[in-house]
Amino acid sequence: MKMIENLPKTYNPKDFEERIYKFWNEERYFEANVNKEKEPFTIMMPPPNVTGNLHMGHALNNTIQDILIRWKRMEGYEALWLPGTDHASISTEAKVVEKLKKEGKSKEELGREKFLEAAWDWTREYGGNINNQLRKLGISCDWSKERFTLDEGLSNAVEEVFIRLYEKGLIYRGDRIINWCPNCKTAISDAEVDHEDSHGHFWHIKYPIKNSDDFIIIATTRPETMLGDLAIAVHPEDERYTNLIGKYAILPLVNREIPIVADEYVDMKFGTGAVKITPSHDPNDFEVGYRHNLGQCKIMNDDATINENGGKYEGLDRYEARERIVEDLDKEGYLLKIEDHENSVGHCERCKTVVEPIISKQWFVKMEPLAKPALEAYRNGELDFIPERFGKIYSHWLENIRDWCISRQLWWGHRLPVYYCRDCNEIMVSKEAPEKCSKCNSTNIYQDEDTLDTWFSSALWPFSTLGWPENTEELEYFYPTNVLVTGYDIIFFWIVRMVFSGIEQMGEVPFKDVFLTGLVRDEQGRKMSKSLGNGIDPLDVIDEYGADALRFTLITGNSPGNDMRFYMERVEANRNFANKLWNATRFVLMNLDENIISEKLNLENLEEEDRWILSRMNNVTKEITENLSKYEIGIAGQKLYDFIWDEYCDWYIEMVKPRLYGDNEESNKVAQKVLLIVLKDILKLLHPFMPFITEEIWSHLPENNEVLIVSSWPVYDEKYNFKESEERIIYIMKAIKGIRNARAEMNIAPSRKSKIIFVTKDEKVKSILEYGERYFINLAYAQDIEIEEDKEKIGDDNIQVVIDRAEIFLPLKDLIDFEKELERLEKEKDKLEGELKRVRGKLSNKGFVNKAPENIVEAERQKEVKYSDMMDKVLERIKYVKENM
Ligand SMILES: [Zn+2]
Ligand SMILES: [Zn+2]
């Protein structure tokens, strides 16, 4: 009695992807809870920007995390994957400002409170988008634990960390040169500055020496900053300037007297060996200024126009001022020359405006004491990077790190828990606003207007999401996490900061492994971008081909940390792969006898191909598990693809077909059983990669009570290791492939069977071939097979194929239809006769032979030779065919 096959005829992901996701979610299979009986496995999802939309980078990243989490869940771990979103202060604020602008309103007019209301409205309206989009990808994160970096708990963690670091002296307020974005009107951290090479100039300027006809020459790339010059520095050992040290120069255009100081920071070999010192607009000059007590002279406003310190240049934009100053220097004879110069210019990572180094009162995290243990953790092997090369980038950044500027002149974010006394300028740091000044008891107190860098809160993500600073059960159980999966472009922004924050607050690194993904580029290798219009929306791909095909495309064909190119043809190929598996399942189910499902497989009754496929399945299980534990996800995916497509569908199913249709009941039963066993393991191994199709097929298998997502991961079992059977079947497969190729080359129809003669002296090969007769009959169009020790007895008219330790002969008379061949040869003969008659007619015409140019006559003669030769061969072949008919 056959099973009624109930899988729909065609694979159509739209029929089930949404339904299955809803089912998993409602049955709470994604949730993870403290369970002391199980070992935890934890991944924290890198929180996408709350106002963002799903792009290919997210799709790649989240597919990888989902594969790891599904695999570990099936392996029996308490697998927590915690999702959430980031408030993304600078980019969200910019979007809200833009929206207000369209309504004719400004941030300042609205005031802080109203502006924040508008920002929350915006967040509520667009904030859910990305998470709904992520669901379509099939990701199995625990939505019940979803967090937002501005939610109450996380905000509390942020304040707590700020206060702890402040009290330890690791957070301070100070005047420092920071990167100022004149467009975003906020300080930004070093990590937010993109450096780009640009064509600039060196302006060489003469500074007269006071009370002398002498002058000193300096060169600068930013001449407008001369308005803020407070000194000229030379190296103390530079003999050219020894007599000038201690004297004064007169600042051109401004006529300020500035001292000439000696400082070892100056490079004698560079330029003239003399440099202008502008303490308020350059980090190195700031240090020199500090050492020589030069004071400050800031010459720019927040929008990069010149301020009141710039005299007649006040009000000009920085570049206008530059032009005017250069003109004036030239007019007054101070400009010596202009040189072309390639330099690296810092741009705001978000808005691309040229960043201005400017002195500013900001809040900083002292990095040195925090960077040290973060570096040690890497050197001790507590932290591993995949691929390894990123470890070097990580440590190089930490070795050269500067203090982290964390205050931002923005409103959307965590406001600094800092209060000032208006009467005595006392600084107080606390979660609640103090009622009175701790120093002078004044109640005239106000809170700092600034907010914290977005990355200050995401740096705490691995533990703040688990309830820190409370010592929750979850924190105890799930921390530290196992692996972080993220793009290599945020090593500095995020990875470094999570590591030192984790070590500082929790005493332990936040994750053991850092798996870095590359960028997803277009077919031509370009970055996908709005301006190029070459982006591919993952949702469109899912809509057309299903999430499984997209996921499989993203994780195969590239290796960790390397950029990949996205080809739609590959998505199509992977959809076809899913389709192949669908059809194979339909075949298995259609041939499945209900009664045998509950019967145990008797290993004694296996045939060679059963042992082979079980043994291969067993080894593939082992290899894929090993690949996954080394994060070789693409390799694991490719191996599975090959195993399913080639070995299971194209070979095993074809090999057992005669048994399914034959009369040997026992053999038939065993084949059905093995087909089902291997299919089940295939679905399990493929589940993390293609969760939807596998769960759907699984639900149609008979007597499956459990759900695939929580079924157990297959394990290697020595009893299914049949090495010899593998060798024998692989040998037979090679012979079959050789025969098929030879026939294909000659275009021989499958309907033409032939005798197959093997020639070998190898006893082992002989036994394999003898045993393999039925495979050659089924799969290599054999009438029968013959095994000989030498080829003397075999006639000449054969196609010959050489394989390892044997030769294969296919008699031509079996392969070729002699009647048809004779017909073809007769036609060929007629054609040649015609040609010969024409050529010979020409050559016997004296007029032609004597009058035509020599080379033309010669060409005709050669044609005659060629046609005669061909005719001889055709006649010979006709004779052979007639003899053999
Ligand atoms: Zn900017
Ligand atoms: Zn006070």
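All values reported here derive from a predicted model rather than from experimental measurement. Just follow the structure's listing: the first ligand is 1, and inside any ligand the first atom is 1. Heavy atoms only: backbone and side chains are in, while hydrogens, waters and symmetry mates are out.
In this structure, SG of Cys424 and SG of Cys440 enclose an angle of 110° at the Zn ion (ligand 2), rounded to 10°. If you put the vertex on the Zn ion (ligand 1), SG of Cys348 and SG of Cys351 sit 100° apart, to the nearest 10°. The SG atom of Cys437, the Zn ion (ligand 2) and the SG atom of Cys421 define an angle of 110° (nearest 10 degrees).
Remark: the backbone N or O of Leu410 is paired with a side-chain donor or acceptor of Thr451 at under 3.5 angstrom. The backbone N or O of Tyr420 lies less than 3.5 Å from no partner atom in the side chain of Asn425, so there is not a single donor-acceptor pair.
Taking the ring centroids of Trp455 and Trp461, they lie at or beyond the 6.0 Å cut-off.
Arg173 and Asp450 are not joined by a salt bridge, as no carboxylate oxygen comes within less than 4.0 angstrom of a charged side-chain nitrogen.
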